[in-house]
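The structure appears right after this line, and notes come after that.
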Amino acid sequence: MSENSEFRFGSATGVGSMPGGDARETAKTITGSVEDFPFLAELPARGPGADMIGRTAGMLVELYARVEPSGWRIGDRPGRDTKRARSWLGEDLDALEEFTQGYEGPVKVQAVGPWTLAAALELKNGEVALSDPGACRDLAGSLAEGLRSHLDEVRRRVPGGQLVLQLDEPSLTAVLRGQVKSASGYRTHRAIDRQAVEATLRDVVGVHGEGPVVVHSCAPDVPFALLRRAGAAAVSFDFSLLTERDDEVIGEAVEGGTKLLAGVVPGTDSALSDPAGSVMGVRTLWRRLGLHPGLLAEAVTVTPSCGLAGASPAYARQALAHCVRAARSLTDNPE
């Protein structure tokens, strides 16, 4: 996204989910901790509709989903599950608006991307939408429309914010490799053609024409090159899952202007090392790739390894503050 090459991401942020169920308390924690890159929290502990699939299902246009014992299933009309998802999203937006009064700078919002959504939402026959190319197209189109409305709403509520859209795609590698299980669990759905995956992602990424899109996956083997071709300005990933096999694509991505949201701080309660220790691996990678140390602070935003929903509230606060200190260490001592 060349038009976003000058966009400055904040130095540290969260992935999306947070523990607990109090929207105001969470927004206060986020805006107080990651001051230069706050994000709209997801609070899945509240129940179905606050989880990432349910929240995104609530954003869909002219497609509705309800909770079945097996998971979220597409239905004919909005029911109480859709209404609950929309109500909680409204509550979270109210809280974000309250605690970002006068703020100017990047603000991140998250939604599930089209392929993880297609691998999670069931059709009436109980199989996931991924099993039906027409259903995948309809779902991606509905998601694009819903995201347009959502981004407009966030712009209205946080007028000084420079919006960053994050698409969560933890199932993307499984979709590409034909590893998504069928309803019976005895077989897997066919692998989706890489060009089809890329084209659909490009369409959904294009919804946010005014700003950068991050694609997040805390699964192994993130397809960096495919995401770049689809227009992602940044890739968010669990840094501990990288292998030296990823070096070349990461080097190409950074040199091509792609930002990295590097998940280096554990997402569940852990003893945290000194902040400089948390980003030691990032410095080592930079040296291995022969990249200029001065690029580090500009190219890397520090995050937890994945969402913080499984953490204690005290640890979630500590982890976000630790990300900020680790990012400062990268800026102060890039070597």
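In this chain, residues are counted from 1 in sequence order.
Salt-bridge check for Arg157 with Glu153: passed, with a basic side-chain N closer than 4.0 Å to an acidic carboxylate O.
In this structure, Leu201 and Pro114 have side chains that are in contact, with non-hydrogen atoms separated by less than 4.5 Å. Counting heavy atoms from C-beta outward, Glu42 and Asp168 have side chains that approach closer than 4.5 Å. Residues Val279 and Leu296 are not in side-chain contact: their nearest non-hydrogen atoms beyond the backbone lie 4.5 Å or more apart.
Listed for the His150 side chain is no donor-acceptor partner under 3.5 Å among the backbone atoms of Thr56. Under the 3.5 Å distance criterion, the side-chain polar atoms of Ser312 are matched with a main-chain donor or acceptor of Tyr315.
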- Tell me, with the steps shown, if Asp221 and Arg245 meet side-chain contact (heavy atoms from CB on, under 4.5 Å). CA-CA 9 Å; Asp221 297 320; Arg245 280 202 319 269; 3.0 Å; yes

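Within 6.0 Å of the CZ atom in Arg202, the count of heavy atoms belonging to other residues, nucleotides or ligands exceeds 12. No more than 12 heavy atoms of other residues, nucleotides or ligands sit less than 6.0 Å from atom CD of Glu104.
Atoms OG1 and CG, from Thr29 and Leu320 in turn, are 8.0 Å apart once rounded to the nearest 0.5 Å. Going from atom CG of Leu330 over to atom CH2 of Trp286 covers 9.0 Å, rounded to the nearest 0.5 Å.
The minimum heavy-atom distance between Val67 and Asp81, with the atom names listed, is N-OD2, 2.8 Å. Taking both residues in full, the closest heavy atoms of Ala129 and Cys136 are given as O-SG, 3.4 Å, listed atom of the first, atom of the second, then distance. Contact detail for Arg86 and Gly58: the closest heavy-atom pair is NE-O, 2.8 Å. The shortest non-hydrogen separation linking Phe99 to Ala27 is CD1-CB, 3.8 Å.
Hydrophobic clustering keeps Leu165 apart from Val15 (ILVMFWY residues linked when any side-chain heavy atoms are closer than 4.5 Å, directly or through intermediates). Note on Val300 and Leu285: same hydrophobic cluster, where clusters join Ile, Leu, Val, Met, Phe, Trp and Tyr whose side-chain heavy atoms are under 4.5 Å apart, directly or indirectly.
With 3.5 Å as the limit, one finds a donor-acceptor pair spanning the side chains of Thr116 and Glu169. Arg55 and Ser17 form no side-chain donor-acceptor contact under 3.5 Å, judged by distance and modelled atom types alone.
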